[in-house]
Each structure stands twice: as C-alpha cells, then as structure tokens.
Asks: 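Got a structure here, written out as structure tokens. Questions coming.
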Protein chains: 2
Amino acid sequence: MVAASVECMSAVLLAEPEEATRSFLERHLAQDGFEVVGVTDGEALELLERLCPDLVLIGDPEGLELCRRLRERDREVPVILLGSQESDPVDRVRAFDRGCDDYLDRPFHYDELVARIRAVLRRVAPPESEQMTAGEIEIDRPTRRVTVVGRRVVLPTKEYELLLKLASDPQRVFTKDELLRDVWGFRSAGRTRTLDSHASRLRRRLGGGYVRNVWGVGYCLLGD
Amino acid sequence: MVAASVECMSAVLLAEPEEATRSFLERHLAQDGFEVVGVTDGEALELLERLCPDLVLIGDPEGLELCRRLRERDREVPVILLGSQESDPVDRVRAFDRGCDDYLDRPFHYDELVARIRAVLRRVAPPESEQMTAGEIEIDRPTRRVTVVGRRVVLPTKEYELLLKLASDPQRVFTKDELLRDVWGFRSAGRTRTLDSHASRLRRRLGGGYVRNVWGVGYCLLGD
DNA sequence: CGGGGCGCCAGATGTCCTTTCAGTCGAGTC
DNA sequence: GACTCGACTGAAAGGACATCTGGCGCCCCG
C-alpha cells in the first residue's frame, strides 16, 4: 500500500462505537497516511465542526441517523457508511438518500475500504495541477520553486505549504481553523499565533502585500 | 422513486455488451430522468469524446481495461463499474486503483444502482453556487466579496454577517430578536442599540436605502 | 558535538472593530 | 398638534485581534 502524498494528508473522522474495530481502523488508516480521529458516534457531530475533516467514516450500525444529522448541518464533507452485516438494498438506497457517498457492507476487506475512501476523496479534491499560478506568483510543485514577478523566492516548508493552500483558491478567504487544519494538521486548532507568525513571514518574503488578513476571519492570497 | 432534479438531466454513457441488460437499463434510467446512450464497449471510447457524458456506466465484465483506457484520456468523467458475479475484494481494489468511482456487484438492485449514480453525480456536479443575490446586491461567500450594482463594497465582519442573514430571504422582515440571536448569538437579546448601529452603518455602506426598517418590528433588505 | 535553520511560542505594541452613549429625528397615537 | 416611543447617527471608550520581535528547543548537517 502506497503512502499518501506527503503534501497533504487527509483528515478522517471515524465514528465507530466498537472499541476493537475503532482502534484497528485508527491504527491502520494512520499507517496508510490518513490522519484519523476515532470517536464514538455521540461525539461525532460536535467534533465535526471543530475538526472539519476531509471525510467522515461512520461505522455505527445505526449510522443512518447520524448521517442525516450530519448532512443537516449542511456540510459538504463526504461520508462513507459501514453497514451492518444484514444490510439489504433498501437500507443502502436509504443511506444514499440521506446523502452518504458510499456504503460498504461488513464484513469488509480493509483494502477495499481504503480504495473506496481514496475514490471518494479523489472526487472531492480534484488533483491539483503541478503548476499553480496566482496573480504574479508562480509555483512549480515538482521542484518546489516559487517565483514572484520572475523573482525567485525560497520558502521553508511550512510557509511553502501555507502558500500552496492559499494559492489553491487565491481569491478565497480561508479561515484560520481551515489553514491550521490543512497545513498543521488536525489537532492544531487554536494555535493561531503559530499561523499568524508564518503568515507574517510568508507575506514579508513574497513582498507586495500578497498575503492579506481578513479581520476576525483568516487570510487570503489575492484580496481585491 | 424521486425524479431527478429538474435543473439538468444527467447524460449517462452505458457500456454494456449484453443486449437484455442494456435495454433494461436504458429504459429504466431514462424513466428516472437520465439521458442514456447505450453502447457495446467497443464504441464507448469513441463516443466518450463526442458525447461528453456526465457519467460512464461500465457493465462489461471486462470493464477494468476499458476503465483504464478511459482514464488515460484524462477525462474527469466519473465511472461506475458493474462487476462480474464472482468479483472479490482484490478485483474491486484494482478497479478503484484504475480510477473508477464506484463498484457494484451483480446481481444488483436497480434502485441501489440509481442511488449510487446519484451519490457520485452529487459529488462531481455541484460546486454549489456560493453566490447569493438580492436585487442588485451580490455576495460571493468564498471571497466575502460584496458588490452593489457592480460597485465593490467592503464590510466589517458583523455587518457582513448581518447582510448574509438579511439576504438569505431578502423580502422577509426579520425581527430584531431574530437578527440579534442569529448574528450576535443567544445571549444578546435586548441589545437593540448594537443592532441599530450596525444596521445603520450597513445601510450607509450599501447605499440606495437597501436596509429598511419596519417600525416596531425589525429590518429587511428589500422592502417593497 | 557544535552550528544554523526552522518551527513554535509569548509579550509588547499598534490597529481596527465593536459596543455603548447621548442627542436628534421621525413615526404613530390620542 | 403635542406627546411618546422607537429609530438614527456621530463620537468616544473599550476590547479583540494582528503583527512584530525575540527566545527557546529541536533536528539536520556539517
């Protein structure tokens, strides 16, 4: 099994009531390059808002209701349901109606689960091109080369990753939580000073006031 | 079975060698609001470029190879494979590796197939318009950009949130309590001065008397 | 085993927003 | 037409947030 790209590991929220399965999945998914937080389903909804995971994996046999409540909050987050052993097509259709993205019966093969997770994520986050441009900023991912108006800029790792994220949608305003999660990973919520610090340095290195702060919200690369 | 969204019926390219299954699916999918073109797998690649379908359904038991060739042409088109009866997890993992989006074993339930088709299309299609419009006011949520008759308006956080709320139903009159609760949060009931103040400034910044007061009740964005 | 680069953090400072207050204006009522 | 209550708005106080700077610790590389 190939490890996920280092660039950005996907964050998976795992709602699985049974201890053994949960820790099994936590361990193996982590090995396969996912950042996993396992919870019992009671905690799932609450964590959803805090963590903003890339995907939710619901292992609860009663997961249907959770799926619905989750969708109610109007999150775009993809959901994969692990069914109960006796699922029939009707159950599955109902699950899809509730907005889930895939449904896998138990007992399942771990590799198939991973394949399905990847298939869903592939869809949600379409592949980024090797060459990114944002205004006068050019980023060449294979070589990690960044140029601003032709001038070469060398960036340390975190600043480079932060730039990548911001450049993925240059006009868009990213919230601090979002940036912290995607660049620093799941469990970094609240460390705004760290983000601020890097944003500040990135701004200085790029020059030209590219990195702009949106008060009380976060940052964007090309405001206005 | 709910009919497909009226907005735009999805075009499905169906590559299924077996005559009976093909016509069955053609007929039923058409009834369920899809635009279906059924072909044998030889023709699929060629038609792919001409038709640009929204989704490809591969019924061929040898569909793996087709899926690969299809992906080679680097189309973003989603693909669902209908497996052969004897598929095992290894086959399925291989299929996902080839880039397919879902895999359904035969014999399958038609309703489940439709549910899965919808789930995949849901993912692919809607980068839902994050665009709101209220009269001549346009709001782009990702960039937090607000324009009035083309003129760009910059808003501080609270005013922006207030505008969002008002624009969510521009004609409607929102009571002050409602606005306070939704923008300032639960425990803010009674602080009408604060709301007044922000409404006043929002009105001034938007110009054109958009934010209108309804005496003794609250505010609305487009009165009359 | 030392040095430098980098990630992370905390305190000081400055900036901008929010809230409140106070005075005025306007609408509705008798 | 006078009175009352609510709405409007400028200014000022206060707070929340952003930025910068310097320091500490870690890891990689020499």
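Throughout, protein chains are lettered first and strands after them, A, B, ... in sequence-line order, and every chain is numbered starting at 1.
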Asks: Just N and O in the side chain of A:Lys176: are any of them under 4.0 Å from OP1 or OP2 of D:dC17?
Replies: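 A:Lys176 to D:dC17 OP1/OP2: no side-chain N or O under 4.0 Å.
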Asks: Just jot down the ring-ring contact (aromatic ring centres under 6.0 Å, His included) partners of A:His109, sequence neighbours excluded, or say none.
Replies: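 ring-ring contact (aromatic ring centres under 6.0 Å, His included) list for A:His109, sorted by chain: empty.
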Asks: Just how far is it from atom CG of A:Asp177 to atom CZ of A:Arg191, taken to the nearest 0.5 Å?
Replies: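 Atom-to-atom, A:Asp177:CG and A:Arg191:CZ are 12.5 Å apart.
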Asks: Measure the acute angle between the ring planes of A:His198 and A:Trp184, then classify it against the limits of 30° and 60° as parallel, tilted or perpendicular.
Replies: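 Answer is perpendicular, since the angle exceeds 60°.
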Asks: Please determine whether a side-chain nitrogen of the Lys or Arg among A:Arg123 and B:Glu76 lies less than 4.0 Å from a carboxylate oxygen of the Asp or Glu.
Replies: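 Yes, charged N to carboxylate O under 4.0 Å.
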Asks: Of all the heavy-atom pairs spanning B:Tyr219 and B:Asn213, show the shortest one and how long it is.
Replies: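 Smallest interatomic distance, heavy atoms only, reads CE2-ND2, 3.6 Å.
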Asks: Nearest-Å distance, CG (A:Asp196) to P (C:dG11)?
Replies: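 Interatomic distance, CG of A:Asp196 to P of C:dG11: 15 Å.
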Asks: Do any side-chain nitrogens or oxygens of A:Ser200 fall under 4.0 Å of OP1 or OP2 in D:dC20?
Replies: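 For A:Ser200, the contact criterion (side-chain N or O under 4.0 Å from OP1 or OP2 of D:dC20) is met.
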Asks: For nucleotides 2-9 of chain C, print each protein N/O atom paired with a nucleotide N/O atom at under 3.5 Å, atom names and distance only.
Replies:
residue	atom	partner	partner atom	Å
C:dG7	OP1	A:Thr157	N	3.3
C:dG7	OP1	A:Lys158	N	2.9
C:dC8	OP2	A:Trp184	NE1	2.5
C:dC8	N4	A:Arg201	NH2	3.0
C:dC9	OP1	A:Arg191	NH1	3.4
C:dC9	OP2	A:Thr194	OG1	2.7
C:dC9	N4	A:Ser197	OG	3.2

Asks: What string of B, S and - do you get for nucleotides 25-30 of chain D, 5' to 3', if B is base contact, S is sugar-phosphate-only contact and - is no contact with any protein heavy atom under 4.0 Å?
Replies: ------
Asks: Quick one, give me the B/S/- string for nucleotides 25-30 of chain C, reading 5' to 3', where B means a protein heavy atom under 4.0 Å from the base and S means that only happens at the primed atoms, P, OP1 or OP2.
Replies: -BS---
Asks: Output yes when at least one side-chain N/O atom of B:Arg204 is less than 4.0 Å from OP1 or OP2 of D:dT9, else no.
Replies: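 So the side-chain polar atoms of B:Arg204 never come under 4.0 Å of the phosphate oxygens OP1 or OP2 of D:dT9.
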Asks: How about B:Arg151: does its CZ atom have over 12 heavy atoms from other parts shown lying under 6.0 Å from it?
Replies: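 Result for CZ/B:Arg151: enclosed.
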Asks: Assess whether a salt bridge exists between B:Arg94 and B:Asp97, defined as any Lys/Arg side-chain N lying under 4.0 Å from an Asp/Glu carboxylate O.
Replies: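 Answer for the salt bridge query: no.
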Asks: Quick test of your reading of the model: are B:Asp102 and A:Arg116 salt-bridged, counting only N-O distances below 4.0 Å?
Replies: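 Salt bridge flag = yes for A:Arg116 with B:Asp102.
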Asks: Just verifying a value: how many Å separate A:Leu113 CG and A:Leu82 CG, rounded to the nearest 0.5 Å?
Replies: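 Spacing of CG (A:Leu113) from CG (A:Leu82) equals 6.0 Å.
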Asks: How large an angle, rounded to 10°, do the end axes of the helix from C:dT18-D:dA13 to C:dC30-D:dG1 enclose when each is built from five base pairs?
Replies: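 One end axis against the other gives 10°.
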Asks: Using a 4.0 Å heavy-atom cut-off, does B:Tyr219 contact any base of the nucleic acid, only the sugar-phosphate backbone, or nothing at all?
Replies: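 It contacts sugar-phosphate atoms only.
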Asks: Answer yes or no for A:Arg144 and A:Tyr160: cation-pi contact, defined as NZ/CZ to six-membered ring centre under 6.0 Å and angle to ring axis within 45°.
Replies: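 Cation-pi check for A:Arg144 and A:Tyr160: passes.
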Asks: Closest heavy-atom contact between A:Val93 and B:Ala115?
Replies: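 Looks like CA-CB, 4.1 Å.
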Asks: Determine, stepwise, if the pair A:Arg145 / A:Asp140 fulfils salt bridge (charged side-chain N to carboxylate O under 4.0 Å, His left out).
Replies: CA-CA 5 Å; A:Arg145 201 163 279 197; A:Asp140 185 62; over 6 Å; no
Asks: If we fit an axis to the first five pairs and another to the last five of the helix from C:dC1-D:dG30 to C:dC16-D:dG15, what angle do they make, to the nearest 10°?
Replies: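 So the angle between the two local helix axes works out to 10°.
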Asks: State plainly whether the residues B:Arg118 and B:Asp54 are in salt-bridge range, i.e. N to O under 4.0 Å.
Replies: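 No, B:Arg118 and B:Asp54 are not salt-bridged.
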Asks: Distance alone, cut at 3.5 Å: any donor-acceptor contact between the side chains of B:Tyr103 and A:Glu112?
Replies: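 No donor-acceptor contact under 3.5 Å links the two side chains.
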Asks: What nucleic acid atoms does B:Asn213 come within less than 4.0 Å of, heavy atoms only: base, sugar-phosphate, or nothing?
Replies: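 Sugar-phosphate contact only.
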Asks: If I compare all heavy atoms of B:Leu13 with all of B:Ala44, which pair ends up nearest, and what's the gap?
Replies: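 Heavy-atom minimum between the residues: CD2-O, 3.8 Å.
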Asks: List the atom of A:Gln171, the atom of A:Cys220, and the distance in Å for their closest heavy-atom pair.
Replies: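 It is O-CB, 4.2 Å.
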